[in-house]
Peer 1: 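This is the structure, below, for whatever I ask next.
The sequence lines fix the lettering, A, B, ..., with proteins before strands; numbering per chain opens at 1.
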Number of protein chains: 2
Amino acid sequence: MIKAGENGNDRSVTQTVRAQLALRDLVLRGELNPGERVSELQMVERLGVSRTPVRMALVRLEEEGLLEAIPSGGFSVKTFSEKEVFEAIEIRGTLEGLAARLAAERGVSRTDLRNAADCLDAIDDVMRRNPADIDLLRYVELNARFHDILIGMADSQALARQLERVNALPFASPSALVPVQSRSPEMNYILSVAQDQHHCVLSAIERREGARAEAIMREHARIAHRNLERALTNQRDMDLVPGSVLIKRRIRA
Amino acid sequence: MIKAGENGNDRSVTQTVRAQLALRDLVLRGELNPGERVSELQMVERLGVSRTPVRMALVRLEEEGLLEAIPSGGFSVKTFSEKEVFEAIEIRGTLEGLAARLAAERGVSRTDLRNAADCLDAIDDVMRRNPADIDLLRYVELNARFHDILIGMADSQALARQLERVNALPFASPSALVPVQSRSPEMNYILSVAQDQHHCVLSAIERREGARAEAIMREHARIAHRNLERALTNQRDMDLVPGSVLIKRRIRA
DNA sequence: ATTGCTGGACCTGTATACATTCTGCATCCG
DNA sequence: CGGATGCAGAATGTATACAGGTCCAGCAAT
């Protein structure tokens with residue numbers, strides 16, 4: 001049954017993890033109809049592992065928020081209303097704000113500051129090097145890294161855990177909605193505003209200005225709100241949003 | 001094997017749920033040494049169910065934050081530093097603040113307002129009826145209810161989920177640290193301050209004063225901080241803190 | 001045509017056997 | 001005497017068989 005080379009059997013990676021990754025992929029790509037029940041046996045067929053790891057994967061994906069437990073047993077693919085997506089982003093902004101405040105109030109090490117500053121330098125570089133055709137992939141990567149560094153500076157395992165959970169929703173993570181801008185003439189403008197906020201929050205943390213650091217990160221998340229709003233009105237941009245198939249669209253005027 | 005009446009076999013309750021409840025109880029009562037590995041087979045013996053439901057329970061308790069995954073496999077009982085406990089409370093305060101702000105900004109239904117007001121009336125009643133010997137159990141219950149109503153008023157499934165997660169930590173939930181005051185002469189004073197905050201936040205929500213509502217809930221959580229501080233300095237009060245056995249104490253001057 | 005019932009397929013919950021990996025200890029070599 | 005090494009035991013990961021429960025289709029009766 002185990003055919004090496006077929007789907008990257010590594011022996012070090014458990015079947016459970018493999019099933020989890022594969023299932024998440026199926027859900028996010030919309031190959032499982034939202035709202036539909038996810039049958040264990042069908043997944044056994046489809047993923048090529050036995051029921052036990054499929055079961056574990058289902059439980060973990062429910063924990064991630066991508067699946068929903070059915071009262072009578074089993075799981076179904078979760079759907080999200082537009083409202084829920086906005087709220088998820090708002091929650092992320094609030095928690096990142098808390099992280100920034102904690103970092104500012106407690107103070108951070110010189111090396112942390114250095115790492116963050118280096119990361120911002122790299123982003124500046126990306127934006128300066130080729131303003132007409134920005135390397136979005138690299139921007140997204142660096143942006144995610146900065147946010148991770150920020151969370152790290154708060155030095156709070158509990159907070160990191162909570163944020164991990166919010167970011168598990170594919171459309172809520174810090175970099176999820178950046179690509180939506182790619183078809184907009186305003187992209188450079190928005191990106192530079194966002195990057196300015198990055199600089200400002202780092203400066204605030206350095207000066208131990210907690211309230212300011214918090215406010216900036218909250219506002220920073222609002223950029224994602226704007227991008228989402230754009231994607232919802234321009235339907236053709238929706239395919240740039242990860243997990244967009246899970247979003248129950250409302251009729252829009 | 002299934003002995004009805006021994007541990008409430010209901011047939012409608014799955015073995016998994018039973019195992020989860022029993023295991024949580026074992027962890028919270030400190031019958032499993034913090035930091036120690038939780039052996040599946042030992043739990044099978046101890047709980048009287050097979051490995052499968054035990055496994056499920058372990059995964060769910062990890063999700064709750066009471067257990068920690070060991071990289072090489074299996075789980076261990078998680079320990080919390082004092083810092084982590086404070087942070088968990090801070091996170092709760094922040095999220096409850098967000099809930100209050102959302103409720104205020106969006107406006108809430110008349111029936112919600114009524115329910116909340118009724119709950120506060122009931123708390124007032126408890127405090128007035130017998131000031132010398134307050135029925136703490138009932139206070140705790142009503143307090144938890146008020147916080148639940150508040151979360152409900154935010155009308156955000158995502159936020160409710162996140163708060164559920166924080167409150168799963170036994171010492172972080174709104175009512176967890178209330179009993180610590182029971183041995184303090186200041187109890188009545190602190191309870192009335194807390195209750196005043198309840199009234200104020202409800203009034204703020206009613207008037208749609210979002211920023212104020214948020215600030216109040218954040219400050220409200222700080223009462224728990226104070227109670228925790230008390231318990232940590234007066235070791236004899238620690239046994240009033242649920243899950244206190246999981247808290248790694250530091251030497252205090 | 002509608003409603004209630006019944007049979008059966010399917011699905012999940014549970015238990016357990018098997019395979020593989022990890023761990024701890026004793027022993028041996030440098 | 002310290003550290004590496006190999007072995008035994010145990011623990012987890014995985015697969016699968018079995019037992020109920022749920023839900024739907026089809027049929028019959030009204």
Side-chain angles (χ1 to χ4, degrees), chain A residues 1-4 6-24 26-27 32-63 66-78, chain B residues 1-4 6-24 26-27 32-63 66-78:
Chain A
M1 163 166 288
I2 296 179
K3 285 174 285 187
E6 187 204 26
N7 54 357
N9 274 295
D10 228 336
R11 205 59 105 172
S12 69
V13 172
T14 64
Q15 299 287 69
T16 299
V17 171
R18 225 190 321 280
Q20 192 177 346
L21 294 176
L23 243 173
R24 177 162 33 202
L26 286 181
V27 171
L32 269 42
N33 290 339
E36 200 180 30
R37 168 180 230 130
V38 183
S39 160
E40 287 182 10
L41 286 178
Q42 280 178 19
M43 292 307 113
V44 165
E45 263 185 64
R46 210 151 167 180
L47 305 181
V49 299
S50 82
R51 276 187 62 203
T52 307
V54 166
R55 210 155 213 326
M56 296 299 254
L58 288 172
V59 170
R60 298 218 126 100
L61 258 61
E62 184 216 358
E63 163 190 350
L66 262 49
L67 299 181
E68 207 166 17
I70 299 174
S72 66
F75 301 93
S76 64
V77 179
K78 176 151 190 190
Chain B
M1 164 171 287
I2 296 179
K3 285 175 284 185
E6 187 205 26
N7 54 357
N9 274 297
D10 229 335
R11 204 58 104 177
S12 69
V13 173
T14 63
Q15 298 286 71
T16 299
V17 171
R18 221 187 327 276
Q20 192 177 345
L21 293 176
L23 243 172
R24 177 162 36 203
L26 286 182
V27 171
L32 270 42
N33 291 339
E36 199 180 29
R37 169 180 229 133
V38 182
S39 160
E40 287 182 11
L41 288 178
Q42 280 178 19
M43 291 309 115
V44 166
E45 264 186 62
R46 208 149 166 182
L47 305 181
V49 299
S50 81
R51 275 187 63 202
T52 308
V54 165
R55 222 151 174 10
M56 297 297 255
L58 288 171
V59 171
R60 297 217 126 100
L61 260 63
E62 184 215 358
E63 163 191 349
L66 262 50
L67 299 181
E68 207 167 16
I70 300 174
S72 64
F75 301 92
S76 64
V77 178
K78 177 150 188 192

Peer 1: Applying side chain to side chain contact (heavy atoms under 4.5 Å, CB included) between B:F75 and each of B:L66, B:I70, B:L58, B:L61, report the one that passes.
Peer 2: B:L58
Peer 1: In whole angstrom, give the distance that lies between atom CD of B:E40 and atom C1' of C:dT21.
Peer 2: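 These atoms are roughly 14 Å apart.
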Peer 1: So does A:T16 get a side-chain nitrogen or oxygen closer than 4.0 Å to the phosphate oxygens (OP1/OP2) of D:dT14?
Peer 2: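 Yes, such a contact exists.
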Peer 1: Would you kindly give the CE-to-C1' distance between A:M43 and C:dC10, to the nearest whole Å?
Peer 2: 15 Å
Peer 1: How far does CD of B:E40 sit from OG1 of B:T52, to the nearest 0.5 angstrom?
Peer 2: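 Separation between the atoms: 9.0 Å.
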Peer 1: Which of these nucleotides, D:dA15, C:dA15, C:dT16, is closest to any side-chain atom of B:R51?
Peer 2: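 In terms of side-chain proximity for B:R51, the closest of D:dA15, C:dA15, C:dT16 is C:dT16.
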Peer 1: Does B:V44 reach a base, just sugar-phosphate, or nothing at all? Heavy atoms under 4.0 Å.
Peer 2: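 No contact.
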Peer 1: Quick check: on DNA chain D, is the nucleotide nearest B:L41 upstream (toward 5') of the one nearest A:S72, or the reverse? Name the residue that is more 5'.
Peer 2: B:L41
Peer 1: Would you mind reporting whether A:M56 and A:Q15 have side-chain heavy atoms less than 4.5 Å apart?
Peer 2: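 Side chain of A:Q15 against side chain of A:M56, heavy atoms only: no contact under 4.5 Å found.
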Peer 1: Measure from the side-chain heavy atoms of B:R55 and tell me the nearest of C:dG13, D:dA11, D:dT12.
Peer 2: D:dT12
Peer 1: Quick one: does B:R60's side chain get under 4.5 Å of A:E62's, heavy atoms only?
Peer 2: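 Sidechains of A:E62 and B:R60: in contact.
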Peer 1: Starting at atom CZ of B:F75, determine the distance to atom P of D:dT12, rounded to an integer number of angstrom.
Peer 2: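 One finds 9 Å between P of D:dT12 and CZ of B:F75, rounded.
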Peer 1: How about B:V38 and B:V77: do any of their side-chain heavy atoms sit closer than 4.5 Å?
Peer 2: yes
Peer 1: Closest approach to the side chain of B:T52, judged atom by atom: which nucleotide of D:dA11, C:dA15, D:dT14 is it?
Peer 2: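 Nearest to the side-chain atoms of B:T52, counting from C-beta on, is C:dA15.
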Peer 1: With a 4.5 Å limit on heavy-atom distance, are the side chains of A:R46 and A:L32 in contact?
Peer 2: yes
Peer 1: In whole angstrom, give the distance that lies between atom CG of B:L47 and atom P of C:dA15.
Peer 2: 11 Å
Peer 1: Would you kindly compare B:M56 and B:R37 by the position of their nearest DNA chain C nucleotide and give the one closer to the 5′ end?
Peer 2: B:M56
Peer 1: Grab the CG-P distance between A:L67 and C:dT12 for me, whole Å please.
Peer 2: 12 Å
Peer 1: Once rounded to the nearest 0.5 Å, what's the spacing between atom CG of A:L26 and atom CG of A:L21?
Peer 2: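 The CG atom of A:L26 sits 11.0 Å away from the CG atom of A:L21.
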Peer 1: Just report the end-to-end axis angle for the helix from C:dA1-D:dT30 to C:dG30-D:dC1, five pairs per end, to 10 degrees.
Peer 2: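 Computed angle between terminal axes is 20°.
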Peer 1: What is the separation between atom CD on A:Q15 and atom C1' on C:dC18, rounded to the nearest whole Å?
Peer 2: 15 Å
Peer 1: Distance check needed: C:dG13 P versus B:Q20 CD, whole Å only.
Peer 2: 13 Å
Peer 1: Of the options D:dT14, C:dT14, C:dA15, whose atoms approach the side-chain atoms of A:S50 most closely?
Peer 2: D:dT14
Peer 1: Taking atom P of C:dC10 as reference, at what distance in whole Å does atom CD of A:E45 sit?
Peer 2: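 Taking atom P of C:dC10 as the reference, CD of A:E45 is at 12 Å.
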